[in-house]
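Below: the structure, in structure tokens.
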Amino acid sequence: MPTKKFVTSKPNSSLISHLPEQGMEKKDFVDDFKQYYVHLLGRDEHTSSPFYAGEALSMAIRDRLMERWKTTQQTYKDNECRRGYYLSMEFLMGRTLSNAMLNLGITDTVTQAMYDLGIEIEEIISCEQDAGLGNGGLGRLAACFIDSCASLQLPVMGYGLRYEYGMFTQSIVDGEQVEKPDHWLRHGNVWEIERLEYSHRIKFGGHVEDHLDENGKQRFCWVGSNDVLATPYDTPIPGYQNGTVNTLRLWKAVATEEFNLDEFHAGDYAEAVAAKIAAENITMVLYPNDSSENGKELRLRQQYFLASASLQDVLAHWISLYGRDFSHFAEKNCFQLNDTHPSIAIPELMRLLMDIHGLSWNEAWKITRATMAYTNHTLLPEALEKWSVKLMQRLLPRIMDIIFGINARFMAEVAMHWPGEGERLRCLSIIEEGDVQQVRMAHLAIAGSFSVNGVAQLHTQLLQQGLFRDFYELWPHKFNNKTNGVTPRRWLAGCNPALASLITEMIGNSWITDLTQLKKLEPYANDVNFRKRWRDIKQAAKERLVDYKKDKHEGELHFNAEALFDIQVKRIHEYKRQLLNVLHVIHLYDRIKRGDTKNWVPRCVLIGGKAAPGYIIAKKIIKLINNVSHVINADPDVGDKLTLLFFPDYRVSAMEKICTAADLSEQISTAGKEASGTGNMKLMMNGAITIGTLDGANIEIREEVGDDNFFLFGLTEEQIVARRGHYDPLAIIEMDDDLQRVIHLLEAAHFNQFEPGIFDDLINSIKCPHDPWMTIADFRSYVDTQKRVEDAYRDKDHWTRMSILNCANSGKFSTDRTINEYNSDIWKLTPQPVKRK
Ligand code: HTW
């Protein structure tokens with residue numbers, strides 16, 4: 001094992017006791033920068049490379065994180081505090097450099113230092129690749145959460161996978177999405193530290209044997225497995241100017257030493273290499289599906305790899321502190337499962353406690369049920385994870401046995417609670433019977449956790465009344481709501497410095513760590529002077545976005561920065577209804593062509609997002625947006641009145657630019673389908689006004705900002721449900737002239753003149769009475785509400801007032817609030833102030 005090679009039990013403390021304190025003055029950064037740039041990276045001081053400048057500067061800043069990191073970890077150890085672990089298959093971190101500067105409080109100093117060296121900090125910042133280890137909201141939420149945990153000084157560690165390839169990059173060719181692999185580690189990653197000494201072995205395959213131990217107890221052995229090594233890479237997660245640095249630990253799959261080729265017979269050489277590659281494939285690539293499961297074996301391998309490595313890590317740490325006594329383990333540890341993706345941690349913890357550490361079933365179950373907490377992120381049936389029993393038996397035989405054991409006891413519990421109700425047993429069972437037996441991961445997660453939460457009020461309510469109804473009846477005390485948030489460091493202070501400094505000038509800077517303070521901006525909504533400054537900042541952001549877009553993408557664009565910036569950026573999915581947005585754009589185009597343009601409000605509609613590579617309809621939606629864009633933008637009758645743009649390769653760093661420039665935030669999902677949404681919060685925080693349905697967190701946004709400052713439209717979740725079975729989109733089209741004209745333009749191939757039939761599937765999907773997303777049902781209400789938007793926008797003062805009020809009332813949507821709720825209701829951790837040496 002590698003352990004021995006890297007760690008000696010007694011470090012030579014005299015060797016490292018005379019480290020000088022890292023300076024935080026401008027000259028310290030200049031000196032260190034030069035040192036790294038010239039001496040470490042071997043670059044010429046007379047030529048400038050923004051990439052290598054970024055590397056050198058990042059190393060200088062990383063040095064400042066190191067001592068704080070060490071002190072924080074020492075504090076946790078000394079205090080023997082209870083700890084939390086956030087287990088997630090995704091951490092969508094985006095860029096690190098500017099966030100590290102912000103949280104260390106050195107942005108201005110470093111900007112000046114670089115300026116003195118003739119380097120524009122912006123240029124360095126924009127060189128950094130996004131760490132795109134996530135699909136969308138769920139992965140970004142994990143990233144915002146760990147920022148808040150560090151800022152609240154909570155002892156929480158993130159555990160995830162170090163994918164070699166993150167979210168694919170998207171380019172658009174002939175209007176279609178083309179995916180390219182995101183080899184984000186190609187130029188190295190200065191923010192991570194490899195920790196070979198904390199590697200663990202993960203088992204796959206083989207079979208289970210049992211025997212009686214010396215005390216006559218039955219013991220199980222998982223033997224004949226093919227093992228893979230999990231090696232951790234740690235990234236420092238600094239809190240906001242508080243001396244805390246937490247850890248994000250990502251696992252990489254490495255072949256074990258058995259794969260050393262000299263141990264194989266010569267004849268097996270090719271097989272041996274293939275086996276090694278197969279082992280290392282586990283962390284090769286992020287699955288690019290958001291809100292859908294795909295049932296692939298490699299995905300299950302990833303999930304088990306994450307769960308097993310992380311749990312072994314926590315148990316090894318426990319043993320190093322307390323030995324093999326687990327009686328207080330549940331008092332000191334808590335795991336939050338980010339959806340069911342890591343929920344195989346439940347049987348894995350049972351296995352480790354019983355098979356490796358000798359606990360009885362009851363002891364192990366007690367610990368498991370007291371340490372695991374589960375967050376659900378979706379109600380969509382296509383996203384609910386199920387794994388075939390057959391596959392699990394082959395890949396994880398011991399785990400499958402334990403799941404059967406959990407289910408047998410669970411079924412007995414249900415039978416006690418509801419005697420004679422066979423139907424309940426069938427509905428609640430962790431094992432779904434049928435042609436193929438399947439493991440329902442959500443049921444496993446609920447049965448094995450002490451807490452189950454949804455991510456917005458409506459979502460939690462629907463979980464309790466719908467999807468998990470029986471579970472809620474059985475264990476009402478387990479259920480709770482935790483409305484999502486976003487970190488105000490990245491999503492306001494960092495991405496919008498102009499707005500941030502205006503806010504700070506008015507109300508001081510405490511809003512950065514207590515976002516409810518933004519409420520103090522409200523009175524300024526009535527101040528003409530303040531409104532002008534607010535508007536100027538928004539206008540400048542819009543102009544910056546225009547430049548960014550021109551820079552990055554196609555050159556010639558009539559992109560009018562005076563126009564209403566109408567923005568929908570998120571994964572492309574039918575339930576998010578980008579199609580509804582496009583129908584409205586076509587309607588506006590039709591109005592222009594008809595000359596119905598009295599009091600016209602120029603509008604620029606921006607749509608961005610990636611489609612899962614296998615999601616054919618979603619890819620068609622991208623093609624439609626691009627084709628409509630092409631026709632509209634090229635039409636001289638349209639001119640500056642209307643622009644439709646597709647924003648390619650939407651990602652975290654793009655949102656940091658986009659959200660500052662938005663006037664209108666499109667949150668138009670079919671009611672009941674978007675569990676929460678978080679883009680809605682970023683846009684609100686930066687002064688965009690929402691046009692939205694009563695779905696997910698939109699409901700709470702409207703509650704906070706008031707109906708006057710929110711554009712509500714569409715059917716409610718209840719109305720959607722009531723409408724099913726007699727939804728008649730053709731009748732609706734028949735009765736609505738505007739809609740009829742829009743559908744006619746589509747059916748007449750106005751946007752696909754030389755590509756006959758390519759949109760037939762899309763058109764049919766919305767005309768179908770079984771359309772689950774009921775796009776047509778909400779068209780009229782949406783179009784009418786967009787008219788109200790225009791009326792409001794025409795009155796610049798009125799609009800600016802609404803913009804200010806949206807920002808001022810976004811305080812609830814800080815992940816600091818969310819994490820405080822997780823902590824007081826679920827984790828019960830004590831904040832750990834870090835004393836500077
Ligand atoms: C919700 C979104 C919510 C976000 O989580 C989502 N759930 C998945 N992806 C999301 C954070 O709580 O704001 O409304 O849709 O963005 C999600 C998912 C998945 C399976 C189920 C749900 C994401 C990636 C891969 C698989």
Side-chain angles (χ1 to χ4, degrees), residues 99 102-103 105 107-108 144 147-148 151-153 239-242 483-541 656 659-665 678 680-690 697-711 792 795-821 824 831:
N99 188 247
L102 176 71
N103 283 12
T107 305
D108 292 345
C144 286
D147 176 88
S148 279
S151 294
L152 294 165
Q153 306 203 293
Y240 184 73
Q241 300 181 12
N242 62 5
T483 298
N484 284 166
V486 303
T487 170
R489 269 71 66 185
R490 182 175 298 258
W491 296 112
L492 185 51
C495 70
N496 205 342
L499 199 63
S501 67
L502 176 61
I503 294 169
T504 295
E505 185 187 322
M506 309 314 285
I507 66 171
N509 66 7
S510 61
W511 60 271
I512 300 175
T513 49
D514 173 13
L515 205 66
T516 60
Q517 296 289 320
L518 289 180
K519 192 86 183 166
K520 291 185 184 156
L521 284 175
E522 261 194 0
Y524 296 104
N526 297 317
D527 176 334
V528 192
N529 197 30
F530 181 77
R531 281 203 302 268
K532 162 115 180 50
R533 294 179 68 187
W534 190 273
R535 186 156 56 235
D536 288 347
I537 287 166
K538 180 62 84 178
Q539 191 56 33
E656 288 169 12
C659 69
T660 64
D663 292 311
L664 186 66
S665 161
T678 45
N680 46 2
M681 302 169 185
K682 295 162 197 168
L683 288 157
M684 177 199 200
M685 219 170 259
N686 285 276
I689 298 142
T690 305
N698 298 352
I699 296 172
E700 291 158 71
I701 287 177
R702 178 165 165 271
E703 246 164 49
E704 292 300 300
V705 78
D707 185 51
D708 292 346
N709 304 300
F710 186 104
F711 295 103
D795 182 349
K796 286 274 143 74
D797 258 353
H798 175 54
W799 187 273
T800 305
R801 190 176 285 120
M802 289 201 296
S803 171
I804 295 165
L805 292 177
N806 266 269
C807 173
N809 289 291
S810 66
K812 174 175 177 184
F813 305 105
S814 165
T815 35
D816 297 345
R817 188 266 314 149
T818 312
I819 290 298
N820 273 325
E821 290 178 10
S824 50

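In this structure, Asn686 contributes its side chain and Lys682 its backbone to a donor-acceptor pair below 3.5 Å. Side-chain N or O atoms of Gln153 include one that pairs as donor or acceptor with a backbone N or O of Asn242 at under 3.5 Å. Judged purely by atom type and a 3.5 angstrom limit, Thr815 uses its side chain to pair as donor or acceptor with the backbone of Thr487. Between the side chain of Lys538 and the main chain of Thr660, a donor-acceptor pair closer than 3.5 Å is present. Not one N or O on the side chain of Ser665 forms a donor-acceptor pair closer than 3.5 Å with the backbone of Ala688. Between the Gln241 side chain and the Leu102 main chain, a donor and an acceptor come within less than 3.5 Å of each other. For Asp816 (side chain) and Ser814 (main-chain N/O), no donor-acceptor pair under 3.5 Å exists by modelled atom type. A donor-acceptor distance shorter than 3.5 angstrom exists from the side chain of Arg489 to the backbone of Ile512, with no hydrogens or angles considered. In this structure a side-chain-to-backbone donor-acceptor pair under 3.5 Å is missing from Ser151 to Ser148. Within the 3.5 Å criterion, the main-chain N or O of Leu492 finds no donor-acceptor partner in the side chain of Asn496.
Residues Thr818 and Thr483 have side chains not in contact (no heavy-atom distance under 4.5 Å, counting atoms from C-beta outward). Here the side chains of Glu656 and Trp491 are in contact, with some heavy-atom distance below 4.5 Å. The side-chain heavy atoms of Leu502 and Trp534, taken from C-beta on, include a pair separated by under 4.5 Å. Side-chain atoms of Leu521 and Ile507, non-hydrogen and from C-beta on, do get closer than 4.5 Å to each other. Between Phe711 and Thr690 the shortest side-chain heavy-atom distance does not fall below 4.5 Å.
If you check the side chains of Thr800 and Arg531, you find no donor sitting under 3.5 Å from an acceptor. For the residue pair Asp147 and Asn103, a side-chain donor N or O sits within less than 3.5 Å of a side-chain acceptor on the partner. Judged by distance alone, the side chains of Glu704 and Asn806 never bring a donor and an acceptor atom under 3.5 Å apart.
A salt bridge does not link Lys519 with Asp514: none of the charged nitrogens is closer than 4.0 Å to a carboxylate oxygen. Looking at Asp797 and Arg801, no side-chain N of the basic residue comes within less than 4.0 Å of a carboxylate O on the acidic one, giving no salt bridge. Residues Asp707 and Arg702 are paired through a salt bridge, judged by an N-O separation under 4.0 Å between the basic side chain and the carboxylate.
The CG atom of Asn484 lies 8.0 Å from the CZ atom of Arg817; values are rounded to the nearest 0.5 Å. Taken to the nearest 0.5 Å, the CD1 atom of Ile689 stands 5.5 Å off from the OG atom of Ser803. Separating the CD atom in Glu703 from the CG atom in Asn809 is a distance of 12.0 Å, to the nearest 0.5 Å. Atom CE of Met684 and atom CZ of Phe813 lie 5.5 Å apart (nearest 0.5 Å). Distance CE/Met681 to SG/Cys659: 14.0 Å, rounded to 0.5 Å. Atom CD of Gln517 sits about 12.0 Å away from atom CD1 of Ile503, to the nearest 0.5 Å.
Under the 30°/60° scheme for interplanar angles, the aromatic rings of Phe530 and Tyr524 are found to be tilted.
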Step-by-step side-chain hydrogen bond (donor to acceptor under 3.5 Å, both in side chains) determination, Thr504 to Trp511: CA-CA 8 Å; Thr504 295; Trp511 60 271; 3.0 Å; yes
Met802 and Phe710: CA distance, side-chain angles, deciding distance, side chain to side chain contact (heavy atoms under 4.5 Å, CB included) verdict: CA-CA 8 Å; Met802 289 201 296; Phe710 186 104; over 6 Å; no
Lys812 vs Glu700, side chain to side chain contact (heavy atoms under 4.5 Å, CB included): CA-CA, chis, key distance, verdict: CA-CA 9 Å; Lys812 174 175 177 184; Glu700 291 158 71; 3.0 Å; yes
Could you go through Leu664 and Trp799, starting from their C-alpha distance and side-chain angles, then the distance that decides it, and tell me whether this counts as side chain to side chain contact (heavy atoms under 4.5 Å, CB included)? CA-CA 10 Å; Leu664 186 66; Trp799 187 273; 4.2 Å; yes
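Considering all non-hydrogen atoms of both residues, Leu805 and Val705 come closest at O-CG2, 3.6 Å. In plain terms, the two heavy atoms of Leu515 and Pro488 that are nearest each other are CD1-CB, 3.6 Å. Leu683 and Ala662 get closest at one heavy-atom pair: CD2-CB, 3.4 Å. Closest non-hydrogen pair, Thr678 versus Val486, comes out as O-CG1, 3.6 Å.
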